[in-house]
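A short write-up of the structure that comes next.
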4 protein chains.
Amino acid sequence: MENKEVGQEQLTEKQQRIVDAAIEIFAAKGYSGASTSEIAKKAGVAEGTIFRRYKTKKELLMSIVGPMISKVIAPIIVKDFDKVITADYKDFESFLRAIFSNRLKLVEKNQILIKIAIQEIPFHPELKEKLFEVVGKEVFKSICQRIEDFQLKGEIVKIHPKLVVQLIFSSLFGYVASNFILFPERSVHQDNELEHTIQFILKGLRQY
Amino acid sequence: MENKEVGQEQLTEKQQRIVDAAIEIFAAKGYSGASTSEIAKKAGVAEGTIFRRYKTKKELLMSIVGPMISKVIAPIIVKDFDKVITADYKDFESFLRAIFSNRLKLVEKNQILIKIAIQEIPFHPELKEKLFEVVGKEVFKSICQRIEDFQLKGEIVKIHPKLVVQLIFSSLFGYVASNFILFPERSVHQDNELEHTIQFILKGLRQY
Amino acid sequence: MENKEVGQEQLTEKQQRIVDAAIEIFAAKGYSGASTSEIAKKAGVAEGTIFRRYKTKKELLMSIVGPMISKVIAPIIVKDFDKVITADYKDFESFLRAIFSNRLKLVEKNQILIKIAIQEIPFHPELKEKLFEVVGKEVFKSICQRIEDFQLKGEIVKIHPKLVVQLIFSSLFGYVASNFILFPERSVHQDNELEHTIQFILKGLRQY
Amino acid sequence: MENKEVGQEQLTEKQQRIVDAAIEIFAAKGYSGASTSEIAKKAGVAEGTIFRRYKTKKELLMSIVGPMISKVIAPIIVKDFDKVITADYKDFESFLRAIFSNRLKLVEKNQILIKIAIQEIPFHPELKEKLFEVVGKEVFKSICQRIEDFQLKGEIVKIHPKLVVQLIFSSLFGYVASNFILFPERSVHQDNELEHTIQFILKGLRQY
DNA sequence: GATGAATGAGAATTCATTCAT
DNA sequence: AATGAATGAATTCTCATTCAT
């Protein structure tokens with residue numbers, strides 16, 4: 001399972017194997033629980049090899065999670081957001097579906113990385129900050145603005161736009177977290193579950 | 001901040017201090033990231049003292065998280081569930097409010113413990129199993145049953161009861177996770193946010 | 001060869017053995033060339049034992065050299081200096097002999113420590129500073145003052161007192177360095193060598 | 001600061017840069033404290049490049065210090081020694097001044113190299129031996145012989161010639177060590193200090 | 001000749017755990 | 001029960017050295 005999405009700026013083959021191994025082990029045991037020797041063994045390299053490119057174990061983590069936040073989390077929300085923003089969605093439902101449909105694929109594709117990110121964010125203020133920056137500044141505003149548009153058109157309930165966003169993403173996050181992180185083996189995320197979740201949000205935000 | 005709720009069966013004062021210190025440090029750094037010597041220092045006891053009662057570090061974790069799952073997680077859902085089940089809630093809204101109102105207090109009261117549990121569950125199959133047992137077997141059935149009642153009365157949408165439960169608890173979990181674990185410093189969980197969340201769920205589950 | 005002079009504030013027996021081993025190995029290989037595992041082996045303790053008391057290898061060095069500077073170097077010059085100052089030495093010769101006689105015993109007794117200090121001072125600014133402080137501030141002034149007395153009495157040449165001190169201690173340092181550090185195995189420091197050195201300084205500083 | 005004096009037999013430009021970098025870093029951190037990768041970085045070459053010419057790190061040190069001992073230390077004492085020996089110095093003072101004057105320039109010019117040599121000699125028996133050979137055999141005898149001449153003429157005190165040499169060079173070494181190695185930043189080696197040192201030795205060795 | 005990725009032995013340090021007091 | 005010195009295995013990291021390109 002390669003994660004070519006992340007951090008492959010001129011990595012040698014061995015370094016790429018290190019990154020892949022690290023991803024797997026960080027996901028399985030968490031950052032603190034993973035040992036560099038285990039990573040090296042799984043990658044089939046000498047332990048010292050890890051430290052040629054990454055000065056510290058933490059740098060290895062950051063090289064995985066840091067870019068991921070900008071390259072995966074952000075796109076999950078922002079990607080094609082120009083289109084979403086520009087595109088004149090005929091209604092809120094289209095908007096919501098647009099968000100869910102292609103974004104959930106990104107989530108699925110980057111499951112492990114997201115698992116690592118969610119697991120480690122509580123322990124690494126830098127990551128928290130980065131997430132805030134990426135999500136907060138770049139995305140939040142534009143989404144909120146869009147929400148207001150739909151509110152003005154009377155399509156969704158007139159509560160604080162921030163709250164609308166939180167409700168949508170709480171549902172999304174709850175869905176993701178329970179399916180991917182807490183109980184990944186369950187894999188009950190059938191299509192209709194997703195559809196019902198969308199319906200749930202749609203109705204939950206309806207005005208009357 | 002004492003957590004008298006958990007594991008105080010005949011603990012000496014020092015042992016109680018150890019538990020309190022462990023809770024704080026496990027929450028801040030995770031199980032693997034916490035060291036027993038740090039815990040001992042914060043508790044103001046000798047390093048060896050920890051191992052008098054708890055044979056291993058892991059046993060210390062389990063003594064905190066294990067009981068917590070039965071004593072806190074379960075009550076969050078089950079407590080007074082006899083009443084909930086017995087009580088003839090006049091409608092689904094009452095039922096939902098009943099769940100949220102007193103349960104969210106439990107969550108707030110046990111914030112740290114829940115943080116630890118959520119952080120560690122992915123790494124400890126035993127915990128996962130215990131959670132399944134407690135939540136799954138004891139609670140899930142009865143909640144589902146109750147949901148079916150409301151569905152028969154036509155109060156909520158007729159989708160698979162399990163999904164209804166997941167939607168409700170996804171919202172709840174999203175709310176809890178984002179407020180308590182990911183961004184505990186934000187503390188925007190104002191009252192009206194909660195109210196809107198309830199409204200959101202109510203409408204989201206309405207039939208038409 | 002115990003070095004009970006230094007740093008034995010409530011050391012356990014093992015810790016004392018660590019210090020002794022460290023002194024021997026630091027002296028033989030220098031700080032960077034010595035490994036903690038070698039020290040542990042020579043001390044007959046587990047490597048981890050070193051780090052119970054000394055957080056780092058450097059702290060171990062400092063615990064040896066730091067106190068030594070105040071407790072050995074300083075006394076070499078200052079010890080009984082009250083007497084030297086108070087005592088009305090009938091002439092400069094008595095003064096010089098007083099300095100040399102009992103002080104050189106201190107040097108001999110602390111050979112190894114002095115060797116380490118001299119070897120490491122160039123690489124550790126902290127040590128240099130400490131030496132300056134101890135020697136410079138506490139000692140230099142009072143010696144210089146004493147020198148001036150002898151100059152006024154016409155016993156020694158009237159050049160800058162600082163220079164007199166430097167000439168005396170250059171001779172002393174040259175003697176110590178070549179005998180103890182550079183060529184310790186030669187051990188030609190016979191009594192008459194010392195006597196001639198004193199005569200040499202005496203005549204070298206005579207006025208006419 | 002190039003040290004063209006040493007080891008430039010057919011060195012490529014890169015190899016010369018390696019030598020220069022090594023000199024700087026060996027001086028600053030000592031042999032054990034210096035890492036080849038740091039040297040490579042400072043020299044602006046690849047890590048492997050060092051090992052093309054020098055099979056080991058130690059060989060690099062030896063290529064610097066070894067030749068230095070013959071090419072710098074020896075000349076300090078021997079250079080023009082034919083002249084010194086042949087030349088009929090009219091008195092001991094001229095002899096002493098001849099030694100000091102042009103030799104101290106050599107010392108100053110090769111400060112760093114001498115610093116390295118003095119720092120490393122205690123740890124490398126080969127260097128000690130080489131120094132003995134060069135200094136001891138080639139120089140010592142002829143100096144001693146010369147000293148005896150002056151003693152016969154009644155110009156200097158009649159103690160063992162070896163001791164005379166040691167007294168002279170102790171003063172010289174004390175001067176060099178304190179000015180260049182221990183406290184290089186002080187740089188108080190003013191001209192008159194030197195003059196006074198010479199006067200000090202002269203008088204110290206006078207007969208009556 | 002030069003490079004720099006890779007190595008593996010070993011360095012410093014951490015840490016859960018034991019045990020004599 | 002409590003202590004805290006001691007342990008030794010494991011962990012992170014360093015570094016001289018090799019070798020294919």
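Letters A, B, ... mirror the listed sequences (proteins, then strands); counts begin at 1.
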- Task: Name all pairs fulfilling the salt bridge (Lys or Arg N to Asp or Glu O under 4.0 Å) condition that reach into residues 26-36 of chain C, sequence neighbours left out, sorted by first residue then second.
- Result: Lys29(C)-Glu38(C)
- Task: Report yes if the side chains of Leu61(C) and Ile116(C) come closer than 4.5 Å at any heavy-atom pair, otherwise no.
- Result: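 Result yes, sub-4.5 Å side-chain heavy-atom pair found.
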Please name all residues satisfying salt bridge (charged side-chain N to carboxylate O under 4.0 Å, His left out) with [X], sequence neighbours left out, ordered by chain then number.
X	result
Glu47(D)	Arg52(A)
Lys41(B)	none
Glu129(D)	none
Lys42(D)	Glu24(D)

- Could you check Gly33(D) against Ala46(C) and say which one's nearest nucleotide on DNA chain F is further toward the 5' end? Ala46(C)
Could you tell me whether the phosphate oxygens of [N], OP1 or OP2, come under 4.0 Å of any side-chain nitrogen or oxygen in [X]?
X	N	result
Ser35(D)	dT14(F)	no
Gln15(B)	dA1(F)	no
Thr12(C)	dA5(F)	no

- Pick the nucleotide of DNA chain E nearest each of Glu13(D) and Ser32(B); which residue has the one closer to the 5' end? Glu13(D)
Could you state the atom-to-atom distance from [atom1] of [X] to [atom2] of [N] in whole Å?
X	N	atom1	atom2	result
Ile18(D)	dT3(E)	CD1	C1'	12 Å
Ile39(C)	dA6(F)	CD1	P	16 Å
Glu38(C)	dA12(E)	CD	C1'	14 Å

- Task: With sequence neighbours excluded, tell me which residues meet side-chain contact (heavy atoms from CB on, under 4.5 Å) with Thr36(B).
- Result: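 side-chain contact (heavy atoms from CB on, under 4.5 Å) check on Thr36(B) returns Ile50(B), Phe51(B), Lys57(B).
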- Task: Could you check whether Ala40(B) gets within reach of a base, just the sugar-phosphate, or nothing at all, counting any heavy atom under 4.0 Å?
- Result: nothing
- Partners of Tyr31(B) by ring pair (Phe, Tyr, Trp, His ring centres under 6.0 Å), sequence neighbours excluded?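 Phe26(B), His124(B).
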- Item | Identified stems (criterion: three or more consecutive Watson-Crick or G-U pairs, under 3.5 Å), DNA chain E | E:2-21 with F:2-21
Which protein N or O atoms sit under 3.5 Å from an N or O of nucleotides 17-21 of chain E?
from	atom 1	to	atom 2	distance (Å)
dT17(E)	OP2	Lys57(B)	N	2.6

